[in-house]
Amino acid sequence: MVVRSKILWLMLALVLTATTLVSAEEDDEASVEAETPENIEEEEEIEEVVYGTPAQPVDSYLAETFDDVNAFEKTWVRSKAKKDGVDEGIAKYDGVWAVESAVKEALIGDRGLVLKSKAKHAAISIPLKKTFEFNKKPLVVQYEVNLQNGQDCGGAYIKLLSAKNGKVDLENFTDKTPYTIMFGPDKCGNDFKLHFIFRHVNPLTGEIEEKHAKRPRDKFEEAFKDKKPHLYTLIIRHDNNYEVLLDHSPVNTGNLLEDFTPPVNPPKEIADENDKMPEDWDEREKIPDPNAKKPDEWDDDAPMQIADPDATMPRGWLNNQPEMIADPEAIKPDDWDDEMDGEWEAPLINNPICSEAPGCGEWSAPMVENPAYKGKWKAPMIDNPNYRGKWAPRRIQNPGYFEDLQPYKMTPIGAVGLELWSMSDNIYFDNLLITDSVPEAYAFAAETFDLKVQKIEKGNTGTFQRILNYSNKNPWLYGIYVLLVAIPVVLIFACCCAEISESQKAKDARKKKTDEMSEDDPQAEEEGDEEAPEEGEAQEEEEGEAQEEEDEPQEVEVEDDEEEEDDEEVEGDEGSELIPRKSPRLRKPRKD
């Protein structure tokens with residue numbers, strides 16, 4: 001108990017010391033931080049993420065933040081056209097667009113373009129400040145999407161519209177309007193897509209064909225479900241390499257010449273459509289053995305199952321009784337018309353006589369597998385001696401072959417548009433950027449999208465995260481945490497050891513007081529075995545002495561014995577509380 005008390009007081013002192021150090025350190029830091037204006041500004045910045053409309057990047061062809069509503073109405077054009085090939089009731093592009101703040105975690109002063117309607121065609125576009133020509137500089141496309149209500153079926157992609165003579169008819173913008181690149185997310189059911197499609201012009205015929213990029217190697221489905229803003233970035237370089245990023249992380253990379261379907265360049269050779277397989281060409285690798293014959297005992301008509309020849313009708317089976325009988329209690333309805341409804345018949349019920357019998361009706365033996373059944377006989381297959389392999393038409397030079405080694409040089413871009421159909425509303429678009437500078441795109445995202453992420457993370461930061469952040473700034477606190485964890489462990493260990501020791505002492509004392517049988521000590525038994533010969537010699541000497549004492553008077557022995565017993569009783573009464581008693585099994589033989 002004394003040791004435990006000392007440990008408890010020691011641990012309590014450590015806790016009080018640690019608490020005092022932490023409090024003193026926090027007070028010192030608070031006093032130092034209060035003296036510097038920079039720290040005051042930093043604390044205010046932590047409390048609220050401050051947003052300001054970023055400046056237009058120098059090399060940008062378009063940088064739209066949607067923060068200025070008046071500027072939006074002047075520059076963006078809503079389509080007035082109708083979609084071909086659909087019902088008149090839904091052909092019109094009458095989807096509702098609005099500029100407003102995000103529903104959740106919105107930055108103060110930040111706005112975006114929101115598609116408010118669903119199950120309607122919607123189209124809106126804006127011209128670039130200058131036409132983008134594909135030369136040695138890269139094309140960088142970047143914008144944000146927030147599916148505020150999730151996405152059931154629909155797209156949130158953008159189209160980079162092709163410029164004809166430097167102009168684009170935005171008022172008649174439809175799904176048929178020529179575009180150079182389509183980029184962005186799309187989903188319907190469980191089919192998730194992140195489109196990157198470019199339209200390639202055939203240098204021989206001038207025909208345009210869509211080229212689809214391979215599917216992203218990384219999963220991106222969470223962006224359709226979490227109802228948070230996400231940043232989509234497309235970078236195409238003049239060496240034909242491209243990169244698709246989601247929230248600054250690459251999810252798809254490749255080359256325009258190698259990673260698109262169908263490929264940019266057609267094959268040099270193609271199969272000759274006019275070539276036909278010769279009549280004597282045999283493609284069969286195996287044929288039935290022409291020399292094989294069906295065995296005489298083979299019966300093609302043998303049934304698969306037959307009636308069991310060993311089966312017998314159970315005793316008591318009622319052959320003459322039907323399983324079902326007409327209900328004798330049934331009554332013909334009053335409104336039954338035999339001419340209209342036909343002859344009335346009582347409904348059938350189970351024959352009550354059959355309930356006590358094994359069965360009723362005509363008995364038939366159960367069916368079993370027919371041992372003579374072998375099925376239809378077929379000749380075994382052997383290698384075809386006339387086999388010449390699989391026939392394929394001959395290869396000829398592709399008349400439409402061309403080699404375009406610079407697919408990067410696409411049709412110039414004059415505008416950006418959103419032409420969508422969605423079964424979800426409140427799709428939020430923001431911070432649309434077209435530029436030829438990758439660093440500008442990163443800097444633009446740092447002033448817009450990254451601030452939104454900071455605000456969301458700040459809102460999701462709990463008490464544990466704040467403690468962790470403070471501890472990272474003050475690493476010495478981890479030593480205190482180790483002490484606080486070690487204290488309960490040491491206390492539990494000390495208490496358990498003390499309880500075990502006290503329990504063992506109490507058990508030993510009880511055995512000594514009650515002469516309770518104790519467990520044998522192996523070491524003591526071995527020592528006893530070694531001393532056995534010596535005890536045998538002593539016992540012989542004692543027997544000799546006892547034989548000599550037999551000649552003495554009996555009364556003296558009795559008196560001596562009585563005196564010894566009296567002495568033992570007195571000594572036992574006086575020292576019973578002081579002298580511990582031994583277990584009878586461990587006592588040595590007393591010498592008389």
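Along the sequence shown, the residues carry numbers beginning at 1.
Residue Glu269 qualifies as enclosed at atom CD: its count of foreign heavy atoms under 6.0 Å is above 12. The neighbour count for Lys409 NZ, taken as heavy atoms of other residues, nucleotides or ligands under 6.0 Å away, does not exceed 12. No more than 12 heavy atoms of other residues, nucleotides or ligands lie within 6.0 Å of NZ in Lys80, so this atom counts as exposed by the packing criterion. For NZ of Lys214, the number of neighbouring non-hydrogen atoms (other residues, nucleotides, ligands) closer than 6.0 Å is greater than 12. Other residues, nucleotides and ligands contribute at most 12 non-hydrogen atoms within 6.0 Å of the NZ atom of Lys176. The 12-atom threshold is exceeded at NZ of Lys211, counting heavy atoms of other residues, nucleotides or ligands nearer than 6.0 Å.
Asp259 places no side-chain N or O within donor-acceptor distance of the main-chain N or O of Thr253, the cut-off being under 3.5 Å. Checking side-chain atoms of Asp282 against main-chain N and O of Tyr387 turns up no donor-acceptor pair under 3.5 Å. With hydrogens and angles ignored, the 3.5 Å screen pairs no side-chain donor or acceptor of Asp67 with any backbone N or O of Thr53. Looking only at distances, a side-chain donor or acceptor of Lys187 sits under 3.5 Å from a matching main-chain atom of Asp152. Side chain of Gln148 to backbone of Asn426: a donor-acceptor contact under 3.5 angstrom is found. With hydrogens and angles disregarded, a donor-acceptor distance shorter than 3.5 Å links the side chain of Glu440 to the backbone of Asp59. In this structure a side-chain-to-backbone donor-acceptor pair under 3.5 Å is missing from Thr411 to Thr180. Between the side chain of Glu447 and the backbone N or O of Pro54, no donor-acceptor pair lies under 3.5 Å. Looking at Ser60, its side chain does come within 3.5 Å of a backbone N or O of Pro57 through a donor-acceptor pair. In terms of modelled atom types and a separation under 3.5 Å, the side chain of Glu210 and the main chain of Ile197 share no donor-acceptor contact.
Among all heavy-atom pairs drawn from Ile270 and Pro267, the shortest one is CG2-CG, 4.2 Å. Here the closest heavy-atom approach between residue Val168 and residue Ala163 is recorded as CG2-CA, 4.1 Å. Contact between Tyr428 and Ala102 at its shortest, heavy atoms only, is CE1-N, 3.6 Å. A pairwise comparison of heavy atoms in Asn265 and Leu257 identifies ND2-CD2, 3.7 Å as the closest pair. The shortest heavy-atom contact between Asp247 and Pro229 is OD1-O, 4.5 Å. Of all heavy-atom pairs spanning Gly400 and Leu204, the tightest one is O-CD1, 3.8 Å.
Both tests pass for Lys130 against the ring of Tyr61: distance under 6.0 Å to the centre and angle within 45° of the axis.
Looking at heavy atoms from C-beta onward, Asp430 lies in side-chain contact with Lys452 at the 4.5 angstrom threshold. Side-chain contact check for Ile382 versus Ile287: some heavy-atom pair is nearer than 4.5 Å. Contact annotation: the side chain of Ser424 never approaches that of Leu147 to less than 4.5 Å [non-hydrogen atoms, C-beta and beyond]. Taking the side chain as every heavy atom from C-beta outward, Ile235 and Leu245 approach each other to under 4.5 Å. Looking at heavy atoms from C-beta onward, Asp450 lies in side-chain contact with His248 at the 4.5 angstrom threshold. Here the side chains of Thr177 and Asn172 are not in contact, with every heavy-atom distance at 4.5 Å or above. Side-chain contact between Ile434 and Leu139 is present, with heavy atoms from C-beta onward closer than 4.5 Å. Contact check for Leu194 versus Val244: side-chain heavy atoms found under the 4.5 Å cut-off.
Rounding to the nearest 0.5 Å places CD1 of Ile158 at 8.5 Å from CG of Leu234. Atoms NE2 and CG, on His200 and Leu256 in that order, are 9.5 Å from each other to the nearest 0.5 Å. Summarising the geometry, atom CG belonging to Leu115 is positioned 8.5 Å from atom CG belonging to Leu418; distances are rounded to the nearest 0.5 Å. Going from atom CG of Asn240 over to atom CG of Leu405 covers 8.0 Å, rounded to the nearest 0.5 Å. Between the CD atom of Glu100 and the CG atom of Leu113 there is a distance of 9.5 Å, given to the nearest 0.5 Å. Rounding to the nearest 0.5 angstrom, the gap separating the CG atom in Asp383 from the CG atom in Asn386 is 12.0 Å.
Phe66 and Trp97 have their aromatic ring centers separated by at least 6.0 angstrom. Phe196 and Phe260 have their aromatic ring centers within a separation under 6.0 angstrom.
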Next item on the list: Begin with the C-alpha distance, continue with both residues' side-chain angles, and end with the deciding distance and a verdict on side chain to side chain donor-acceptor pair (under 3.5 Å) for Glu419 and Tyr93.
Entry: CA-CA 9 Å; Glu419 188 268 321; Tyr93 284 92; 3.1 Å; yes
Checklist line | Stepwise side chain to side chain contact (heavy atoms under 4.5 Å, CB included) test for Thr174 and His121 | finding: CA-CA 9 Å; Thr174 66; His121 294 287; over 6 Å; no
Next item on the list: Kindly determine whether Phe402 and Thr205 satisfy side chain to side chain contact (heavy atoms under 4.5 Å, CB included), including the steps that lead there.
Entry: CA-CA 10 Å; Phe402 62 85; Thr205 63; over 6 Å; no
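Listed by first and then second residue, the ring-ring contact (aromatic ring centres under 6.0 Å, His included) pairs that reach into residues 173-193 are Phe192-Phe224, sequence neighbours excluded.
Salt-bridge formation is not detected for the pair Arg395/Asp272: no Lys NZ or Arg NE/NH1/NH2 atom is positioned less than 4.0 Å from an Asp or Glu carboxylate oxygen. Between Glu73 and Arg78 a salt bridge is recorded (basic side-chain N to carboxylate O distance below 4.0 Å).
Residue Leu246 is tested with Val251, Asn252, Leu231 for a side chain to side chain contact (heavy atoms under 4.5 Å, CB included); the sole match is Val251. Each of Lys83, Lys159, Lys82 was compared with Asp175 under the salt bridge (Lys or Arg N to Asp or Glu O under 4.0 Å) criterion, and only Lys83 meets it.
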